[in-house]
Every structure is written in structure tokens, then in C-alpha cells.
K.L.:
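Can you read through this structure? Questions will come right after.
The sequence lines fix the lettering, A, B, ..., with proteins before strands; numbering per chain opens at 1. Since the model is a prediction, treat every value here as computed from it, not as a measurement. Both backbone and side-chain heavy atoms feed into the values below; hydrogens, waters and symmetry mates do not.
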Amino acid sequence: MRLSQYFLPILREDPKEAEIVSHKLMLRAGMIRQSSAGIYSWLPLGFRVLKKIEQIVREEQNRSGAIEMLMPTIQPADIWRESGRYEDYGKEMLRITDRHERDMLYGPTNEEQITEIFRDSVKSYRDLPRNLYHIQWKFRDEIRPRFGIMRGREFLMKDAYSFDLSPEEARVSYNKMFVAYLRTFERLGLKSIPMAADTGPIGGDLSHEFIVLADTGESQVYCDRDLIEGSAPAEDVDFESDLTPIIEKWTSKYAATDEKHDPERFEKEVAADKQVSARGIEVGHIFYFGTKYTDAMNCRVQGPDGKLVTIECGSYGIGVSRLVGAIIEASHDENGIVWPDPVAPFDVALINLKANDEATDAACDDLYGKLREAGFDVLYDDTDERAGGKFAAMDLIGLPWQVIVGPRGLKQGEVEIKRRSTGERETLTPEAALNRIVGRTT
RNA sequence: CGGGGCAUGGCGCAGUCUGGUAGCGCACCUGCUUUGGGAGCAGGGGGUCGCAAGUUCGAAUCUUGCUGCCCCGACCA
């Protein structure tokens, strides 16, 4: 993409409404604009990041055996009356009336919707287990939205729903999601730690929050340092095998959010040099809640013996739009965002230091073509801004690589490449620069 | 929902106390000079001062009502 033809409205100063760093940087880098409290437009740069994260979430859900679908944002009130949550959910649910005076709502979550579909479609134990998910916008009319997209009212969430014949099998489904989440967050360049959590109003008795450590996080968390240093299961993890050992490895060490923190246990179970007290952001939450909705909504199948069995369920959420902010919170410096390679909106920033200079333009055009042929997304700054402004803007938007091309270097047959994450720079021939980037990024 | 604050061009702000017809920096447009880490000079465009009512010869400024947004607290991906 040529910057001269792109839409990237960068701000030089922090808008005063932004309090935390990710919100400031997202506004300044032209990723989002606020529409009203807790509701945002995603500008082209932000949209690219959102889609990259969404894709990684999707790939890991698919790998675990979950099946993608799409449910609507607007739901009928009736199914919520059936589950009993229409009254319970309170003012957080945005209620809408259509022209025929039918009660509708903008979905804050989709347990009712998926349970209705499953109930009407599945009658036999032979069709279990299944895990269905979608990635769809949600609306929760928060009392106080804040921190930009970190706690918006409208947000993009991946929500998965598992259906099993027995609690034991539901536990297997739960474990698959647990492992898929570990892998997802690691691929996104984040250190996430599963922590035992309250099940809250969703109900059930098995639940974990996935917390990303970040200085500006909202929750105070405590854990064993070993958990931070642990790495997620590899790509070849067999989701059909018994995942219990992996789960145990991650749940045997101490980890708790402020609400669940037990200082005495912490002191007793965690060696002093391993005690971590930090800030964290909740990016995922998984629940096993059994038959809470299937009971209320009469979702049953016939077992092998012909008897009706109420289906055991779990639900599993990842805040996709929140992750954009969480990644920035975890990865930035004084000059701007530092995108982890897998979620960067573009892979390479190509900076032409003297646009309209024949030799510089030609060298840039050549590199632009070759990088794109090699499969890279390139943001090519072909504008005739001054060098300083270009450097500042590219540092702000945080693309992993910068390729800097100017007449001075070209006279020596050289260009400069800079790694955004380390600030490390090298002066090389254009061919060597190309090879360096192709070789180090996969 | 309780408490606090803010609202003046795209962004950041001054002007409000003490009423006199709107200003600064950045950004934007034109020209010239510059050009490797946010250039200089000259010229220029853009604002119903959140909305409504009131007081007044006259309101960004005073009064009343409303709305929007932000921050702190309890809840949430």
C-alpha cells in the first residue's frame, strides 16, 4: 500500500479523553475513532490488526476441532425469556422494539441462540460432542465504558459453545479450549496466565480467566513466576489425546486475581523469589456450566439406551477487539506501538527519504515490488514529507521492519533496515536487506 | 447509579472572574528556500464558542434548564 493513497490520519498530540497508553496510541496512530461512549469506528490500520487477531483466533479454534458459524447480532427476546435471563440480565442488555412491537435485543452473548439451534437440530447422542463458535459483535450497555476499546460497549468477541453427553466429556471439551487459548495468546505475542475464576451469573462450577500481564492492566494478579516462563503447547499438540497433563501443569501452580487471592496460601505455596504481583488484563474466559441452559430450554438427545439426556455445556470467550488494546499495553515504547510480527497491520515500512528523486524512487519501487512478491504486506511511504516526520510516524504505528532508502545511502549502493522492536539497524545492499527480512520473518 | 471534572476550527489549548462581535501552537492549502530523526519565510482557508431559553443596546463570557464526553467507585470478553 502506498501511503500517498492510504487513509492514515495520525495525530501528533494525545487526545485528552484518552487515559491509558493503548487508547492514546490507537487514536494517535489512526486506528480508531470514537463514535459515542464505548462505541468505535475501526479505521483501516486498526481494522487490519483486528482482522489479523481474528484470523489467529479462528485458526486455533479450528485446530482444536471447534466449528465456525455466524449468529446474528439482534436476537428475539423470547429465547431469553425461556432461559430466564431476560429479566436477570438487567440494564446491561440493550433492548429494542421493532416496528411490529416485537421485543428484540442486541446480543450480549449467545448461549440462548446456540442452544435453540442445537435443540432443534440435534436429537441423537451420535451427534455429540460438538463445539460451535462464531466471531461476532456484541453489545453490553456497560454502566461506565472506559479505556477506549478495552472496555467498550460494542466489542468483537469469539464465543464458542460445547455440547457433550456427560460431565466427564464436557471436561474434555473444556480442556481443548483451555489448550487452544494458551496457544492463541502465545501466537499473538502475549504472555497469558490461566487463573481460577468465579463463574458469576453464567453459572457452573469450572471456570478460568486468561490474564495477560501488562503494567496498565485493570486487575491486580498474583502468581508463580514459573507460569510466566512456561510456554504453550506446540502446534502439533494432539487435541484428541488426553490433555489433562497439560491442564495440570498450568493449574497446579498458584495464580489468582485480586478477588480470589489468598495471601496466606500465596506465601505458603510460592517461594519468595517466585512470587509475582502484577497487573493484568482479562482477554479470555472459559466456563463449564453443565445444564443451566439446556435444562431451561429443554435441549436433550437420546442416549444409546433410548433415554433422553440433557446436554452438558460450556462456553468460551475471547475478547478479540480488547486484544488489540491488550497487545499494545504489553508492547509499546516511548515512540509508539511495537507490534508483534503476527498481528502487525503491515510487515514492512518502506521509507522513501526523497520522493520524486529518480534514483530513490526507482530503488523503492524495486524493493516494494520484491517485498510484495515475497508475500509481505508493505506500507510504502512515497509522500514528500520530511524524513523526521516519516520516521516518527512509522515508529508510532510500529511496523516490525523499516526499510529506509535515501539518495545518500544509494550512492554507496546501500539502504538501511531497522527492527522496530529492538531499534537495531543495519546498512546493507538492497538485495541483502531483502534477504535479511525474508530470512528472519516467516 | 453515587462522587468529581470538561465542552471554543481536525488535534492540543488561551480568552470566561471584570460582557464590546474570537485568538495561539500543530495539522491543512499556495509559493519560495530547504531536505537522512517532527525546517524557515511569506501568503491563505476553515469556528452557529455543545444545545435551548433568559438578562442586556450588545453574550464564548452573566442566569436557568438540558445534552454529550472524560475520570474515581461497584460489574463485565
K.L.:
Please give the distance between the C1' atoms of B/C26 and B/G9 as a whole number of Å.
P.N.:
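Roughly 13 Å separates the two C1' atoms.
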K.L.:
B/U18 pairs with which nucleotide, Watson-Crick or G-U wobble, both distances below 3.5 Å?
P.N.:
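Its partner: none found.
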K.L.:
Determine if A/Phe391 stacks with B/G38; use a centre-to-centre distance below 5.5 Å and an interplanar angle below 30° as the criteria.
P.N.:
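No, A/Phe391 does not stack on the base of B/G38.
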K.L.:
C1' atom, B/G25 versus B/G65: distance in rounded Å?
P.N.:
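Nearest-Å result for B/G25 against B/G65 at atom C1': 36 Å.
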K.L.:
Using Watson-Crick or G-U wobble geometry with both distances under 3.5 Å, which nucleotide pairs with B/A77?
P.N.:
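When the pairing criteria are applied, nothing turns out to pair with B/A77, so the answer is none.
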K.L.:
Report the base-pairing partner of B/G43 (Watson-Crick or G-U wobble, both distances below 3.5 angstrom), or none.
P.N.:
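The base-pairing partner of B/G43, which may sit in any strand shown, is B/C29.
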K.L.:
For B/U55, which nucleotide in any strand shown is its Watson-Crick or wobble partner with both distances under 3.5 Å?
P.N.:
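The base-pairing partner of B/U55, which may sit in any strand shown, does not exist here.
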K.L.:
So, is A/Gln34 close to the B/G68 phosphate, meaning a side-chain N or O under 4.0 Å from OP1 or OP2?
P.N.:
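A/Gln34 to B/G68 OP1/OP2: no side-chain N or O under 4.0 Å.
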K.L.:
Can you tell me, in whole Å, how much space there is between the C1' of B/G4 and that of B/G10?
P.N.:
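One C1' to the other, the span is 29 Å.
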K.L.:
Counting only side-chain heavy atoms from C-beta out, which of B/G12, B/G38, B/C75 sits nearest to A/Glu92?
P.N.:
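Of all the options, the side chain of A/Glu92 is nearest to B/C75.
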K.L.:
A/Arg144 side chain N/O closer than 4.0 Å to the phosphate oxygens (OP1, OP2) of B/C71?
P.N.:
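So the side chain of A/Arg144 is within the cut-off, an N or O lying under 4.0 Å from OP1 or OP2 of B/C71.
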K.L.:
Distance criterion of 3.5 Å, no angle test: do you see the side chain of A/Arg12 paired donor-to-acceptor with the base of B/A27?
P.N.:
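Per atom types, no contact qualifies.
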K.L.:
So what's B/C13 paired with, Watson-Crick or G-U wobble, going by both distances under 3.5 Å?
P.N.:
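B/G23 is the nucleotide pairing with B/C13.
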K.L.:
Would you measure the distance from the C1' atom in B/A53 across to the matching atom in B/G47 and give it in whole Å?
P.N.:
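Approximately 23 Å lies between the C1' atom of B/A53 and that of B/G47.
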K.L.:
Look at the side chain of A/Lys418 and decide which nucleotide, out of B/A74, B/A77, B/G37, has an atom nearest to it.
P.N.:
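From the listed options, B/G37 comes nearest.
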K.L.:
Applying the Watson-Crick and G-U wobble criteria at under 3.5 Å, what pairs with B/G2? Answer none if nothing qualifies.
P.N.:
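Per the H-bond distance test, B/C72.
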K.L.:
Take atom CG of A/Leu27 and atom C1' of B/C69, then tell me their distance rounded to the nearest Å.
P.N.:
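Nearest whole value for this atom pair: 13 Å.
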K.L.:
What I want to check is whether the side chains of A/Gln136 and A/Thr73 have a donor and an acceptor closer together than 3.5 Å.
P.N.:
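Per modelled atom types, A/Gln136 and A/Thr73 side chains form no pair under 3.5 Å.
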K.L.:
Between the main-chain N or O of A/Asp14 and the side-chain N or O of A/Lys24, is there a donor-acceptor pair closer than 3.5 Å?
P.N.:
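Answer holds: no.
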K.L.:
What's A/Lys16 touching, base or sugar-phosphate or nothing? Going by heavy atoms closer than 4.0 Å.
P.N.:
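Here A/Lys16 touches the backbone only, sparing every base.
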K.L.:
Considering heavy-atom distances to RNA chain B, does A/Glu218 or A/Glu17 have its closest nucleotide positioned more toward the 5' end?
P.N.:
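Of the two residues, A/Glu17 wins.
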K.L.:
Return the nucleotide paired to B/A7: Watson-Crick means purine N1 to pyrimidine N3 with N6-O4 or O6-N4, wobble means G-U with N1-O2 and O6-N3, both under 3.5 Å.
P.N.:
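B/U67 is the nucleotide pairing with B/A7.
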K.L.:
So what does A/Ile318 touch, heavy atoms closer than 4.0 Å: a base, only the sugar-phosphate, or nothing?
P.N.:
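Sugar-phosphate, backbone atoms only, no base.
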K.L.:
Select one nucleotide: of B/G73, B/G38, B/A77, the one nearest the side-chain heavy atoms of A/Ala392.
P.N.:
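For A/Ala392, the side-chain atoms sit closest to B/G38.
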K.L.:
Take a 6.0 Å sphere around CD of A/Glu229 and say whether it holds more than 12 heavy atoms from other residues, nucleotides or ligands.
P.N.:
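Yes, the 6.0 Å shell around CD holds more than 12 heavy atoms from other groups.
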K.L.:
Please say whether the positively charged group of A/Arg119, taken as NZ for Lys or CZ for Arg, lies over the ring of A/Tyr293, i.e. under 6.0 angstrom from the six-membered ring centre and within 45 degrees of the axis.
P.N.:
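Negative - A/Arg119 is either too far from the ring of A/Tyr293 or too far off its axis.
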K.L.:
On RNA chain B, does the nearest nucleotide to A/Gly38 precede the nearest nucleotide to A/Gly388 from the 5' side, or the other way round? Give the residue.
P.N.:
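Closer to the 5' end of RNA chain B: A/Gly388.
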K.L.:
Does a distance-only test, which skips hydrogens and angles, find a donor-acceptor pair under 3.5 Å between the side chain of A/Arg28 and the base of B/G12?
P.N.:
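Looking at the base of B/G12, it does not pair with any donor or acceptor on the side chain of A/Arg28 (distance under 3.5 Å).
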K.L.:
In whole angstrom, give me the gap between the P atoms of B/A59 and B/A52.
P.N.:
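Those two atoms are separated by 14 Å.
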K.L.:
Taking A/Tyr316 for its side chain and A/Tyr181 for its backbone only, find out whether a donor-acceptor pair lies under 3.5 Å.
P.N.:
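No: the side chain of A/Tyr316 does not pair with the backbone of A/Tyr181.
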K.L.:
Taking only the C1' atom of each, what is the distance from B/C1 to B/A74 in whole angstrom?
P.N.:
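Taking atom C1' in both B/C1 and B/A74, they lie 9 Å apart.
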K.L.:
How far does the P atom of B/U63 sit from the matching atom of B/U16, given to the nearest Å?
P.N.:
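One P to the other, the span is 14 Å.
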K.L.:
Does A/Asp395 reach the main-chain N or O of A/Gly398 with its side chain, forming a donor-acceptor pair under 3.5 Å?
P.N.:
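No; zero donor-acceptor contacts below 3.5 Å.
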K.L.:
B/G12 base to A/Asp14 side chain: any donor-acceptor pair below 3.5 Å?
P.N.:
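Per atom types, no contact qualifies.
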K.L.:
Taking the side chain of A/Arg140 as its heavy atoms from C-beta onward, which of B/G25, B/C76, B/U34 lies nearest to it?
P.N.:
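Comparing B/G25, B/C76, B/U34 against the side chain of A/Arg140, the answer is B/C76.
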K.L.:
Given the side-chain rings of A/Tyr288 and A/Tyr174, with only the six-membered ring counted for Trp, is the space between their centroids under 6.0 Å?
P.N.:
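That pair fails the under 6.0 Å test.
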K.L.:
Rounding to an integer number of angstrom, what distance separates B/A14 and B/C24 when you compare their C1' atoms?
P.N.:
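The same atom, C1', in both gives a distance of 7 Å.
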